[in-house]
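Naming convention: chains lettered A, B, ... in sequence-line order (proteins, then strands); numbering from 1 in each chain. We use all heavy atoms of the structure for the numbers below, so side chains are in, but hydrogens, waters and symmetry mates are not.
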There are 2 protein chains.
Amino acid sequence: MSDHGPGGLAAGGGAPAQAGAGRPPDVPGGPHGGSRGVPGGATVAEARRGQMLRAALDVICERGFADTRIADIAERIGISPALVIYYFKTKDQLLTEAIRHYEDAWYAEVRRRLDELPTAALRLEEFVAMNLLPDGDPELASNWLLWLDFWVQAARNPDVASVRRKSDERWRDVIVSLVVAGQEAGEFAGIDPQRFAIFLSALLDGLTVQIALEDPVVDPVSAFELCMRYIADNLRFDWNPSGRAHVTGTPVRGQPGR
Amino acid sequence: MSDHGPGGLAAGGGAPAQAGAGRPPDVPGGPHGGSRGVPGGATVAEARRGQMLRAALDVICERGFADTRIADIAERIGISPALVIYYFKTKDQLLTEAIRHYEDAWYAEVRRRLDELPTAALRLEEFVAMNLLPDGDPELASNWLLWLDFWVQAARNPDVASVRRKSDERWRDVIVSLVVAGQEAGEFAGIDPQRFAIFLSALLDGLTVQIALEDPVVDPVSAFELCMRYIADNLRFDWNPSGRAHVTGTPVRGQPGR
DNA sequence: ATTTCTAGACTGAACATTCAGTCAGGACTC
DNA sequence: GAGTCCTGACTGAATGTTCAGTCTAGAAAT
């Protein structure tokens, strides 16, 4: 995004491989892993792609999106920069896809974890925790800075922008469905889920900024508690910092929003 | 921030002019405008500085911090790129100072406007409006994207980071003092101002992100209303979207924060 | 008043570097 | 031996920075 000519944004989404010279391995543009030539399945090419995507993410976190060079990524894996271009036609493509990849992985992990929890309150809590608390999983590691760069890119790169728009949408959808589920189960008060989702997602974004920038007065834990306090108060369920969420004894329902 | 070698961050704050060759005009590093040589005052040099700072801000908004070239800034004013670094030793210095300059101007404007309003509620409302609503003043124009870039830079540039930390601090201080003033005047409920400030500033940041990225479901006006609704509900004062803030007839005070 | 001097403001033309992307070909595998 | 995977060496373009010198206006000298 910082190279040649004005508006150096990559062409539209899944522009396939080049025409002449090269011999590109695998076209992105979708989850289909066309293992050409080699029978059996994914193989090297796909592994490499993932490796590069992951490395790209790492580097972006360290140097920032704008200062990430393909040489950094190559070096990290111990390959030549040329190979990076061999897999991803352009730098933009790689970085853009890396972000998309991260977003996808993150979202998938959210779903996975939430599905394992029994109550809406617990799910909501886990959701918030995944947003604000450091995570064990190295794949999704607490890359808060990534989100900031993500936003900045989305501001000018239409491709990234659409990823981010979709991201935010399912984001809020998750919240809405959690709230609705909780309300139907009698766990939560009957506030407007849509409104709540917008509010909460903005709040989470804002807290993410503070945390990412290591604000002296907003560490992850206190941000988490602040956020959960708000949620519990508004949805009217019992919650205390030390433990995990508890469903209130007496189900509330149909209560007017605040 | 994207040039030579690793860690290409500018040296500490007010590194003065070079030693040998040139004859640099005016050293930054503080609000002192040392109008050397020419008696009377500021003069050309200072005007130029301001001009460049403003141009830099414009360009940053358009192209993004990372893609801003000194040539862009020079071109906009109709001068040679060389003159830009004649005034600011390095690109980094210019951009960093531009952000600092903007932040200062913005904060000053906030103070100016708030001072003119009679009630704490109105002041709070104006404060929120300045954060979320498009502004007439071209100097401070609605440069939401600027904040995103600001954050991203703060993440890696210690110099910018300290600006941003200070920024956020006085930010919250404004909120706290507004709340306290309102509480003392009996306009607001007696919640914890500090906590409220942290919450509100995060919320504002988050909404800023959504607005800056032109989220389809969070336009400035609805963000503003969402935010004001929260504030009014929490501080317990009367507020309705169409008009301006009104102090509640019966002063509330000392009420427990939810 | 004219000339001389000087310093600050400014620029065009290099310079130096960085970096994405190309290319010709090598190794490895089926 | 054909295709896949991979690399070292290179190039072209962009761009921050330097530099030598111009231009202007006021100060000092005449």
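When the nucleotides C:dT22, C:dG12, D:dT17 are ranked by their closest atom to the side chain of A:Ala82, C:dT22 comes out on top. The side chain of B:Ala45 lies closest to C:dA9, out of C:dA20, C:dA9, C:dT22. Proximity note for A:Lys91 (side chain, C-beta onward) versus D:dT17, C:dC10, C:dG21: the nearest is C:dG21.
In this structure, CD of A:Gln93 is placed 14 Å from C1' of C:dA20, rounded to the nearest angstrom. The nearest whole Å value for the distance from the OH atom in A:Tyr87 to the C1' atom in D:dT7 is 13 Å. As a whole-Å value, the separation of A:Phe65 CZ from C:dC19 P is 15 Å. In this entry the distance linking CZ of B:Arg69 with C1' of C:dT18 reads 16 Å, nearest Å. Residue A:Glu46 contributes atom CD, which lies 15 Å from atom C1' of D:dT4 at whole-angstrom precision. Taking atom CZ on B:Phe88 and atom C1' on C:dC10, their separation rounds to 15 Å, with Å as the unit. Summarising the geometry, the separation between CD1 on A:Ile79 and C1' on C:dA27 is reported as 16 Å, rounded to the nearest angstrom. Following rounding to the nearest Å, A:Leu83 (CG) and D:dG8 (C1') show an atom-to-atom distance of 13 Å.
Considering only residues two or more places apart in sequence or on other chains, A:Asp137 meets the side chain to side chain donor-acceptor pair (under 3.5 Å) condition with none of them.
Side chain to side chain, A:Gln51 and A:Arg54 fail the donor-acceptor criterion of an N or O pair below 3.5 Å.
A close approach under 4.0 Å does not occur between any side-chain nitrogen or oxygen of A:Arg48 and OP1 or OP2 of D:dT4. Put simply, B:Tyr86 has no side-chain N or O that comes within less than 4.0 Å of OP1 or OP2 on C:dT11. For the OP1/OP2 pair of C:dG21 and a distance below 4.0 Å, the side-chain nitrogens and oxygens of A:Thr90 include at least one atom meeting the criterion.
The bend of the helix from C:dA1-D:dT30 to C:dC30-D:dG1, defined by the angle between the axes of its first five and last five pairs, stands at 10° to the nearest 10°.
When atom types are taken as modelled, the side chain of B:Ser177 and the backbone of B:Asp173 share a donor-acceptor pair closer than 3.5 angstrom. Here the side chain of B:Thr96 pairs a donor or acceptor atom with the backbone of B:Asp92 at under 3.5 angstrom.
The pair B:Glu169-B:Arg165 does not count as a salt bridge, with every side-chain nitrogen at least 4.0 angstrom from each carboxylate oxygen.
Taking the six-membered ring wherever Trp is involved, the centroid distance between the rings of A:Trp151 and B:Trp147 does not fall below 6.0 Å.
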Would you list the atom pairs, donor with acceptor, under 3.5 Å between side chains in residues 199-212 of chain B and any protein atom, with sequence neighbours excluded?
{"unit_1": "B:Ser201", "atom_1": "OG", "unit_2": "B:Arg172", "atom_2": "NH1", "d": "3.4"}
{"unit_1": "B:Ser201", "atom_1": "OG", "unit_2": "B:Ala197", "atom_2": "O", "d": "3.0"}
{"unit_1": "B:Ser201", "atom_1": "OG", "unit_2": "B:Ile198", "atom_2": "O", "d": "3.1"}
{"unit_1": "B:Asp205", "atom_1": "OD2", "unit_2": "A:Gln210", "atom_2": "NE2", "d": "2.8"}
{"unit_1": "B:Thr208", "atom_1": "OG1", "unit_2": "B:Leu204", "atom_2": "O", "d": "2.7"}
{"unit_1": "B:Gln210", "atom_1": "NE2", "unit_2": "A:Asp205", "atom_2": "OD2", "d": "2.8"}

